[in-house]
Amino acid sequence: MSILIKNGKIITASDTYAADIHIEGETIHSIGKNLEVQADHAIDASGKVVLPGGIDPHVHLDMPFMGTFSSDTHETGTLAALHGGTTMVIDFILQTQGKSLYHALETWQGRATGNTFGDYSFHMAVTDFNENTRKEIVEMIEKEGITSFKTFMAYKGALMIDDGQMVDLMQEVKDRGGMVTVHATNGDMIDKLIAKHRSEGRLSPLYHYLSQPEITEEEASGRFVDMAYYTDVPAYIVHLTCEGAMNQVRRATQRNQKVFVETCIQYLLLDASLYEKDFEGAKWVMSPPLRQKKDQETLWAGINQGLVQVVATDHCPFRGEQKLMGRDDFSKIPNGHPAIEHRMELLWSEGVVKQRISPNKYVEVTATNPAKIFGMYPKKGCIAVGSDADLIILDPEEEHTLSSQTHHMNVDYSAYEGWKVVGKCKTVLLRGKVAIHDGKVLIEKGCGKFVKRGKVSKVI
Ligand code: URP
Ligand code: ZN
Ligand code: ZN
């Protein structure tokens, strides 16, 4: 099957130019002006922009968490992602403390294999570092193509590891060619604040926010950065939200250290005033919580300064009835919010259209950098001869409104209800197949493939 995309404006992380794209099978065969090719199928992209398919490197699909499961499965989550222009996700496997990494991998394979619409990979969350884990890390990297290892400095008793385990893990991962990523908040401080608020009868969602002040993230980010400096491991901070944490990264640059930073769309666009809406605030209960306007300014600046390399979602949706588990106690509200479908269009609208970032920076943070950082470039994350034909044809001017009535995520509310967005994904291609066109799904469950990733480094 061959496809010719004609008359589009191609945007990559480095260039913007008008050209046609000829796809043969799953990959891009050639790119050029006025290509004379007899293709099986032609797409006229006049007036549209052609972008690399989005890669969301931070999603939680069908994940057991806080006594329930995140409500998007690998099927519903990857389909919703495709509707919004994200052709690949990296999902999180959680090791159960006391059990092996392979036990966790097999559990997640059971959920994902054959069930995805879009392409996917896994990060492995190490919650129990021991001698067996050490051996399995080599196998994950060499055999399974899982080259990033997630750590939690919070969620004590379930996911958190201590600093001794962190340093041991970092040394092993560094020696084997992998990356350590982190949820960097100080779990002990947070648990103390949660206990204090609960004992004083302060139980509404606002106290979720007040239990995780900026300093809890600033402190843990600084500690993680220091341990990464000491071990020299490629290091990546997930969902960085605030000025204090950003300044820890700035401090690291002063000693010539390189740390990768991801923020998420919600931290750029939403703020903590949403927690003042009484229980409705539960919709935005996530960790770290939403912050202040000044933190949004820091994050936009961080993107433009090249200190923030990735904009992800931390998609971890829970339906209204699941959020109600914390009706009388904020600490029981499942943490997470839905965004997998909206990241690409929201960032286009709020970032590019409002001229906070350039179109090329947009491609860099949504596709190219995730592919480079996590060992998939140039197979993924770019428009180039030989790369997978994962593409978005986006109408840069079409306006639409986000709503739970029209979204495809398996969640009965929208965190962005009523948001007016400029820019719509009209056609989405996954490895040379038209997956979505004008809102219609043209591929089947099982089309998504697991992507084995290569070794990583601090140099991208
Ligand atoms: O609230 C969040 N972020 N839920 C998902 C788990 C995590 O910490 O990333
Ligand atoms: Zn987290
Ligand atoms: Zn997460």
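The basis for the numbers below is simple: all heavy atoms, side chains too, and nothing from hydrogens, waters or symmetry mates. Order of listing sets the numbers, starting from 1, for every ligand and every atom in it. A quick note: this is a predicted structure, and the numbers were derived from the prediction, not measured. The residues of the chain are indexed from 1 along the displayed sequence.
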What is the closest protein heavy atom to [atom], and at what distance does it sit?
| atom | value |
| --- | --- |
| atom 8 (O) of ligand 1 | Tyr155 OH, 2.7 Å |
| atom 1 (O) of ligand 1 | Ser287 N, 2.8 Å |
| atom 4 (N) of ligand 1 | Asn335 O, 3.0 Å |

Query raised in the report: With distance as the sole criterion, is a donor-acceptor pair present between the side chains of Ser287 and Gln212 under 3.5 Å?
Result: yes
Report task. Confirm or rule out an N/O/S atom of His60, from backbone or side chain, lying less than 2.8 Å from the Zn ion (ligand 3). Result -> yes
Report task. Please confirm if an N, O or S atom belonging to Cys316, backbone or side chain, lies less than 2.8 Å from the Zn ion (ligand 3). Result -> no
Query raised in the report: Name of the His183 N, O or S atom nearest the Zn ion (ligand 2)?
Result: ND1
Query - Contact check: His183 vs ligand 1, nitrogen or oxygen atoms, below 3.5 angstrom - result: yes
What part of [X], side chain, backbone, both or neither, has a heavy atom within less than 4.0 angstrom of ligand 1?
| X | value |
| --- | --- |
| His60 | side chain |
| Phe92 | neither |
| Asp314 | side chain |

Report summary line: Answer key: the N, O or S atom of Asp314 nearest to the Zn ion (ligand 3) is OD1
Requested in this report: May I ask you to establish whether Arg134 and Phe129 are in a cation-pi arrangement, using a distance under 6.0 Å from NZ or CZ to the six-membered ring centre and at most 45° from the ring axis?
Outcome: no
**Report entry** Atom CD of Glu321: over 12 foreign heavy atoms under 6.0 Å
**Finding:** yes
Report summary line: The side chain to side chain donor-acceptor pair (under 3.5 Å) partner of His74 among Asp91, Asn115, Asp62 is Asp91
Report task. Please work out whether the ring planes of His342 and Tyr416 are parallel, tilted or perpendicular, with thresholds of 30° and 60°. Result -> perpendicular
